[in-house]
There are 2 protein chains.
Amino acid sequence: MTSQPVDRLADVTEPRWLNEQEERAWRGLMTMEEGLTAFIDRRLRTHCGLSHADYQVLAHLSEAPGGRLRSFELGDLLRWEKSRLSQHLSRMQARDLVTRERSQVDQRGAVVTITAQGTQLISVAARQHVADARDAVIDQLTATELKTLTAIADKVRERLAVLDPSGRR
Amino acid sequence: MTSQPVDRLADVTEPRWLNEQEERAWRGLMTMEEGLTAFIDRRLRTHCGLSHADYQVLAHLSEAPGGRLRSFELGDLLRWEKSRLSQHLSRMQARDLVTRERSQVDQRGAVVTITAQGTQLISVAARQHVADARDAVIDQLTATELKTLTAIADKVRERLAVLDPSGRR
DNA sequence: AGGACAAGGTTGACGAGTCAACCAGTGGAT
DNA sequence: ATCCACTGGTTGACTCGTCAACCTTGTCCT
């Protein structure tokens, strides 16, 4: 629109674009991500009646001692906004997957507990989930690729923590 | 590659759980995905006022000859449901990022065109996007990792196409 | 030509996520 | 004891994605 002093804004106006190899990697990653999340969610939904979000909530609860967690602990594990968690738990409570009570220790707080039905469901869903994970990803890769993938994920997560410390919360 | 009948039956009751290495890879991948999509979307939103979805629409349009595409072509590129596309385009049209007209060739169809403002915005956003992609992922990885990542993404996408042919459409 | 069926899009209702505002309880400082 | 900031959670309004129903136009078959 308006003419600018070129040198000062050099990297704003002309960044280092991706070369062919980088472009392929980036597009591939984005497309894989979209496809994979859609796939996982769809399978869980149609085979178990759980969304991926439901699954994650129940998974964390079922791994916790007594199948119960404080709301904020759950939120930290999931890295969800508190309002999202609150609303989601309301819906899950209505479906009899979890219960909520006031904490005895801290009157502000809520304790979330997985129900028998929730426990039942997550046990089926976990089998489905691991089978899908194998089928779509894990079993498709060599041992080397698996190791590299882990390394990549570690690096990126670490980097994101630096770039975006708030990280959705 | 595919499991035998016997395995399939066994899978239902007691699947092959993930070993430690596999578990780390899978959890790492999931967490990276969530973090990365959140990051990309947040940056685009706060720096350019575009959601990632907006970005993808405009990117495809700006790469098309004349900055225009039939609705269904756009849908195929994005792999979006047609209703999602329709609703999203309505919102983008209201924000003066695209226009829609009836196709002359096929009276059923719509032709979507990027506006001047849309062109302006995508050019800024693309710079932001590539900078973020570098910063969070590309520049963090070695050449080998980048190559392996591409290979992994290719394999997974290919596998997903087999497992989930509908693939969100 | 006529009728069935498919293709391209739109709409409405609903489930889900985000943001900002809010409320109640907690825990210091003074 | 009182004031005040912080923490843990909930609510309401808005945006976004999905599903099913629907309408119009094109296509094919006879």
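The sequence lines fix the lettering, A, B, ..., with proteins before strands; numbering per chain opens at 1.
Atom CD in Glu81(A) sits about 15 Å away from atom C1' in dA13(D), given to the nearest Å. Atom C1' of nucleotide dT7(D) and atom CG of Asp76(A) are separated by 12 Å, given to the nearest angstrom. Going from atom CG of Leu78(A) over to atom P of dG17(C) covers 11 Å, rounded to whole Å. Atom CG of Leu85(A) and atom C1' of dT18(C) are 14 Å apart (whole Å). If you measure from atom NE2 of His52(B) to atom C1' of dT15(D), you get 17 Å, rounded to the nearest angstrom. Rounded to a whole Å, the CZ atom of Phe72(A) is 8 Å from the C1' atom of dG8(D). Residue Leu89(A) contributes atom CG, which lies 15 Å from atom C1' of dG15(C) at whole-angstrom precision. Look at CG on Asp41(B): it is 14 Å from C1' on dC19(C), rounded to the nearest Å.
The base of dT18(C) lies close enough to the side chain of Gln87(A) for a donor and an acceptor atom to sit less than 3.5 Å apart.
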What nitrogen or oxygen pairs link the protein and nucleotides 20-27 of chain D at under 3.5 Å?
from: dG26(D); atom 1: OP1; to: Gln107(B); atom 2: N; distance (Å): 3.1

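Residue His88(A) places no side-chain N or O under 4.0 Å from the OP1 or OP2 atom of dA16(C). The phosphate of dC16(D) (OP1 or OP2) has no side-chain N or O of Arg84(B) nearer than 4.0 angstrom. Within the structure, a side-chain polar atom (N or O) of Arg100(B) is placed less than 4.0 Å from OP1 or OP2 of dT10(C). A close approach under 4.0 Å does not occur between any side-chain nitrogen or oxygen of Arg79(A) and OP1 or OP2 of dG17(C).
Listed nucleotides: dG9(D), dT10(D), dT18(D). Nearest to the side chain of Arg70(A): dG9(D).
Taking all atoms of both residues into account, the shortest heavy-atom contact from Val124(A) to Cys48(A) is CG1-SG, 4.4 Å. Annotation for Ala59(A) and Ser62(A): closest pair O-OG, 3.0 Å, computed over non-hydrogen atoms.
With a 4.5 Å cut-off on side-chain heavy atoms, Leu29(A) and Leu36(B) count as touching.
Applying the salt bridge (charged side-chain N to carboxylate O under 4.0 Å, His left out) rule to Arg68(B) yields the partners Glu101(B); only residues at least two apart in sequence or on another chain are considered. Under the ring pair (Phe, Tyr, Trp, His ring centres under 6.0 Å) criterion, His60(B) pairs with no residue, sequence neighbours left out.
Heavy atoms of Arg45(A) sit nowhere under 4.0 angstrom from any nucleic acid atom.
Between Asp76(A) and Arg79(A), no side-chain nitrogen of the basic residue sits less than 4.0 Å from a carboxylate oxygen of the acidic one, so the salt-bridge criterion is not met.
Checked against Asp54(B) for a salt bridge (charged side-chain N to carboxylate O under 4.0 Å, His left out), the options Arg91(B), Arg45(B), Arg95(B) give a single hit: Arg95(B).
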